[in-house]
Amino acid sequence: MIGAQWGDEGKGKITDLLSKSADVVVRYQGGVNAGHTVVVQGQTFKLHLIPSGILYPDTECIIGCGTVIDPKVLIEELDQLEALNISTRNLLISETAHVTMPYHRLIDRASEERRGDHKIGTTGRGIGPTYADKSERTGIRVLDLMNPQGLRKQLNWTINYKNVILEKLYNLPPLDPEAVIEEYLAYAERLRPHVVDSSLRIYDAIHRKRNILFEGAQGTLLDLDHGTYPYVTSSNPVAGGACVGTGVGPTMIDRVIGVAKAYTTRVGEGPFPTELQGTLGELLCDRGAEFGTTTGRKRRCGWFDAVIGRYAVRINGMDCLAITKLDVLDELEEIKVCVAYEIDGQRCENFPSSARVFASCQPIYKTLPGWQKSTAECRTLEDLPKQALDYLKFLAELMEVPIAIVSLGASRDQTIIVEDPIHGPKRALLHADGTPVSV
């Protein structure tokens, strides 16, 4: 399951819904820069590293090798869940996942500040520097935490090296190697019972015919290789990232589910062709509670962008879509959808690779009538106002992929599902040509 926009599409709720039919849920990339909010029976859970499937007591949850783990935050999440009587015994952590260290957070924030007008809009949680160390082959992995003697030797050298950067480049005070080592050795003991060879664990689950849900963080347009570079994250949220970030072959994945809002948001810097300014943008932000789970930052809001939507379908090999927050549009008299861009006077229906070109794109809109009725209590297609159903049909036509799930609020029950997207056949709520599936 992947995000089809710039992240924040409501993947936490959809993961929670699909986890009911999954035996195993695997998070395959990202770190504490992700934030998934799930509302169950009026209780709100905010998760950053732990897969949303943890709310089901019999579901095994795995944090894969493609993630970067801040053990302090992970332990805080474990404590919060256990305080709410949510069992965490089924949480497993890849021994080869990389670990976010204090110097990663310090360098991330200092580097972003140093960029000035060229800021990327990072969360400041040390994600980029952790992945940079991974690529530079100087990173600390979870299995290193489990070896006190080796960790001490490795961190003594690494922290002294990072202190030079902190002091000389960013004018920050140095870290105390011994204090950091003792802190992380304590984290290691708390996490030790959860650490496994995750690739082997997943492989065994596949051979036992268990249903496995791979959960991505962020979204397609934030992908390091396929997103709006340089305003992207440091990993690969696209469907292909699930293979690299878990250690399974591509032939083992048989379905890709995308998640998109009924409008578009993005957080941080970077071009956003359909962004709305003024009263209308504020209305979407307020009705959609568009504030980041991780940082609390206000999200930028705009109309649905079918150009980036079709791009996400292509890049991910998407089988179907979940559309979230349809209810946010309930009050609008008319709704616009970006069907193409105008670039230097020419119509373009494909996403441009160049950030410079993308920044110059002018959206070409199709205007549809709103429904101006509440959809919050709708539980079937027949319950939806005609204009709302027409809007969904139009999105399905533009995206050229069926819509399987429609979310109409934060709670589990505020959802229209025709059939189990995991156990059921490759059939969906709306065909790509917009005609409803007969149920």
Side-chain angles (χ1 to χ4, degrees), residues 26-34 48-49 62-75 92-112 120 122-166 169-170 172 174-192 194-200 216-218 223-225 232-237 241-247:
V26 186
R27 167 81 178 276
Y28 62 84
Q29 49 76 223
V32 297
N33 54 341
H48 300 276
L49 280 166
I62 299 175
I63 301 176
C65 62
T67 63
V68 292
I69 296 172
D70 187 325
K72 183 175 187 288
V73 176
L74 178 55
I75 289 169
L92 303 175
I93 303 166
S94 172
E95 63 185 2
T96 55
H98 278 249
V99 179
T100 296
M101 304 298 295
Y103 47 79
H104 292 134
R105 293 190 293 270
L106 291 169
I107 291 172
D108 193 5
R109 293 165 190 162
S111 173
E112 183 75 347
I120 293 172
T122 76
T123 61
R125 303 300 177 93
I127 309 305
T130 309
Y131 277 113
D133 277 6
K134 177 179 179 177
S135 296
E136 198 179 41
R137 291 154 292 181
T138 58
I140 305 294
R141 298 193 291 178
V142 170
L143 57 83
D144 297 320
L145 289 187
M146 302 300 121
N147 178 2
Q149 185 176 353
L151 181 68
R152 187 175 297 277
K153 181 178 180 181
Q154 190 172 359
L155 276 182
N156 265 316
W157 179 89
T158 303
I159 293 174
N160 285 322
Y161 171 70
K162 297 295 183 181
N163 277 343
V164 174
I165 297 173
L166 292 172
L169 184 59
Y170 297 117
L172 292 172
L175 291 166
D176 178 357
E178 191 59 32
V180 174
I181 290 167
E182 291 304 316
E183 177 187 358
Y184 276 72
L185 286 176
Y187 294 152
E189 291 312 304
R190 174 69 187 279
L191 298 177
R192 190 181 296 276
H194 300 278
V195 177
V196 298
D197 180 341
S198 59
S199 176
L200 179 60
Q218 290 88 39
D223 188 272
L224 181 59
D225 292 294
V232 293
T233 192
S234 304
S235 57
N236 294 107
C243 297
V244 178
T246 61

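What you see is a predicted model, and the numbers here were worked out from it, not measured in a lab. In what follows, residues are counted from 1 in the order of the sequence shown. Atom set for the values below is all heavy atoms of this structure, side chains included, hydrogens, waters and symmetry mates excluded.
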So CD of Glu189 and CE of Met146: to nearest 0.5 Å the spacing works out to 7.0 Å
Identify, with sequence neighbours excluded, every residue that meets side chain to side chain donor-acceptor pair (under 3.5 Å) alongside Asp223.
-> Asn236
Can you tell if the side chain of Val99 reaches within under 4.5 Å of the side chain of Asp144, non-hydrogen atoms only?
-> no
Tell me, do Val73 and Arg125 make a side-chain contact under 4.5 Å, heavy atoms counted?
-> no
With Ala242 via side-chain contact (heavy atoms from CB on, under 4.5 Å) - residues at least two apart | Tyr28, Phe214, Ile253
Close side-chain approach of Leu155 and Tyr103, heavy atoms under 4.5 Å | yes
Report the residues that fulfil salt bridge (charged side-chain N to carboxylate O under 4.0 Å, His left out) with Lys153, sequence neighbours left out, ordered by chain and then residue number.
-> none
What are the two closest non-hydrogen atoms of Ile127 and Gly31, and how far apart are they?
-> CD1-CA, 4.0 Å
Please determine which of Ile62, Thr67, Ile63 meets the side-chain contact (heavy atoms from CB on, under 4.5 Å) test together with Val26.
-> Ile62
Check: Ile140 and Leu151 side chains under 4.5 Å, non-hydrogen atoms = yes
Using side chain to side chain donor-acceptor pair (under 3.5 Å) as the criterion, list what pairs up with Thr246, not counting sequence neighbours.
-> none
In plain terms, say whether Glu112 and Arg109 are close enough for a salt bridge, that is, a side-chain N and a carboxylate O under 4.0 Å apart.
-> no
Of all residues at least two apart in sequence or in a different chain, which pass the side-chain contact (heavy atoms from CB on, under 4.5 Å) check with Arg190?
-> Ile75, Leu78, Asp79, Glu82
Please identify each residue that fulfils side-chain contact (heavy atoms from CB on, under 4.5 Å) with Ser199, with sequence neighbours left out.
-> Asp197
Residues His98 and Gly139: closest non-hydrogen pair is ND1-CA, 3.8 Å
Does Gly30 offer a backbone N or O that forms a donor-acceptor pair with the side chain of Tyr131 under 3.5 Å?
-> yes
Please name all residues satisfying salt bridge (charged side-chain N to carboxylate O under 4.0 Å, His left out) with Glu95, sequence neighbours left out, ordered by chain then number.
-> none
With sequence neighbours left out, what residues match Tyr184 under side chain to side chain donor-acceptor pair (under 3.5 Å)?
-> none
Residues in ring-ring contact (aromatic ring centres under 6.0 Å, His included) with Tyr170, at least two apart?
-> none
What one should report as the nearest heavy-atom pair of Gly247 and Cys65 is N-SG, 4.4 Å
When rounded to the nearest 0.5 angstrom, what is the spacing between OG in Ser94 and CG in Leu143?
-> 8.5 Å
If every non-hydrogen atom of Pro102 is compared with every non-hydrogen atom of Leu175, which pair is closest and at what distance?
-> CB-CD1, 4.2 Å
What's the shortest heavy-atom distance between Ser234 and Gly128, and which atoms?
-> OG-CA, 3.2 Å
Quick one: are Ile93 and Leu74 in side-chain contact, heavy atoms under 4.5 Å?
-> yes
Could you tell me which residues satisfy side-chain contact (heavy atoms from CB on, under 4.5 Å) with Thr100, sequence neighbours excluded, listed by chain and number?
-> Val68, Asp70, His104, Arg105, Thr130
Write down the atom of Leu191, the atom of Pro71, and the distance for their closest heavy-atom approach.
-> CD1-CB, 3.8 Å
Does Pro177 reach the side chain of Asn160, with side-chain heavy atoms less than 4.5 Å apart?
-> yes
Salt bridge (charged side-chain N to carboxylate O under 4.0 Å, His left out) pairs touching residues 129-143, sequence neighbours excluded, are Asp133-Lys162
Please confirm whether the backbone N or O of Gly64 pairs with a side-chain atom of Gln29, one donor and one acceptor, at under 3.5 Å?
-> no
Residues two or more places apart in sequence or in another chain: which of them pass side chain to side chain donor-acceptor pair (under 3.5 Å) with Ser111?
-> none
Leu169 and Ile107, any side-chain heavy atoms less than 4.5 Å apart | no
